[in-house]
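Every value quoted in this text rests on a predicted model; they were computed, and no experiment measured them. Letters A, B, ... are given to chains in the order of the sequence lines, protein chains preceding strands, and every chain is numbered from 1.
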Amino acid sequence: MNSGTAWPEGYGRRILESVDSTLDEATRIGPGLGAPEWILARVQTKGRGRRGRAWVEPAGNFAATLVMFPEGNPGQIALRSFVASLAVLEACIGMAGRSEGFALKWPNDVLLNGGKLAGILLESTAGVLSVGIGVNLMAAPPVEQVEARALRPVSLLSEIGIAVEPEEFLTFVAAAFARYETQFNSLGFEPIRTAWLSHAARLGQVITARTGNTETTGTFQTVDATGNLVLLNGQTRVAIPAADVFF
Amino acid sequence: MTESKRDADVAFIKALAEMLRDNDLTEVQVKRDYGEDGKLNVRVSRAAPPVTVAAPVAMAAPAVAAPAPVAPGVPAPETTDDPASHPGAVTSPMVGTVYLQAEPESPKFITVGAQINEGDTLLIVEAMKTMNHIHAPKTGVIKRILVEDGAAVEFGTPLVIIG
């Protein structure tokens, strides 16, 4: 293990054999923790996605939640969405030994060869932020188990033929997260935003954002200084804080 | 519909019109449930007609003149029943989308008339896949829920009134 992948100072590390969901475990133990801590589960029996969608997790995949206690207003806390996606992307690229084929989809999906490789869901409650991360290391869930319009699920193994152990991946993602978090705290969102945009999928192309029953289709212009997805719909610039994005 | 409530509705619609302009939106629709006091369903659109109000309560819908979408400013509404200034109002700490339950199939966190304790989750505001639990700042009873599930909210939008 080289110095770039040493376990980050100041972060705890907890490995569970099996749990319902690392996010749920974070909710249970988070308030009692005194410092940030990663919770990794070898088996997750009830993984959660956004708004009640199940996160199907075949054996050998990565399921972990970082519990942390960030300061700042809720809008700033939510920007950890981008910090986390950059950390996961960097860990994936580190494992793959190449950046070709990897991209980010707003706000925090990690894509590989156009398919969904990783999903991130954050929960903020009473000063505790839980950053839940799922990465298809060994196997992608069956395509019929994801939403009809969603991207096809892919795995690192299926796309580039490398087998990565979850605990090895955890060290990479924890180290990358700690580095981006330090950068965020000292320099603010701008460097994170710039880095994120440099990996953005479909920038300058027409995409669709769905919030509730409302859909907005437009040219993906940028991510603004508060993290909003900015679409240009005709002459109208629309800044969207929460949505599912479809290509 | 009382005069003060009508004023509150007018203020609310003006706030929506402002939000529409400030965010370059073309349309916003809000449904509000006042418990036993009735319901209000407002759609504000930049296309003609600029404001449509449908109030499925006994009284006629208040006639409201919409501010022109390009107007530089909207006069501050003069009202004593603005939900945002209500002492029991809980406002949104961020821009995002409101969810009234943890997951679509879960029961709502709160209902009008329910007793709640300080620290209880009232609802969730999502931005950028971060689910922010909004907690009750005090113990009391839910008097009003001012937002509907899935509604877009701004910083400072009144969400709930606790009495």
Show me the side-chain donor-acceptor pairs of residues 197-204 of chain A shorter than 3.5 Å, one per line, residues at least two apart or across chains.
unit_1, atom_1, unit_2, atom_2, d
A:Ser198, OG, A:Ala195, O, 2.6

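- Neither the backbone nor the side chain of A:Arg80 comes within contact range of chain B, judged by heavy atoms closer than 4.5 Å.
- The pair A:Arg149-A:Glu215 meets the salt-bridge criterion, since a charged nitrogen lies less than 4.0 angstrom from a carboxylate oxygen.
- Looking only at heavy-atom pairs under 4.5 Å with chain A, the residue among B:Glu103, B:Lys129, B:Glu126, B:Gln101 that has the most is B:Lys129.
- Options A:Thr211, A:Ile77, A:Ile120, A:Asn73 differ in how many heavy-atom pairs under 4.5 Å they form with chain B, and the most are formed by A:Ile120.
- You'll find the side chain of A:Phe69 stays beyond 4.5 Å of the side chain of A:Leu129, heavy atoms only.
- Taking every heavy atom of both residues into account, A:Gly132 and A:Thr65 meet most closely at CA-OG1, 3.5 Å.
- With a 4.5 Å cut-off on non-hydrogen atoms, B:Met131 touches chain A through its backbone and its side chain both.
- Aromatic pair A:Phe82/A:Phe184: centroids not less than 6.0 angstrom apart.
- Heavy atoms closer than 4.5 Å to chain A are found nowhere in B:Glu105, neither backbone nor side chain.
- When heavy atoms are compared at a cutoff of 4.5 Å, A:Thr226 approaches chain B solely by way of its backbone atoms N, CA, C and O.
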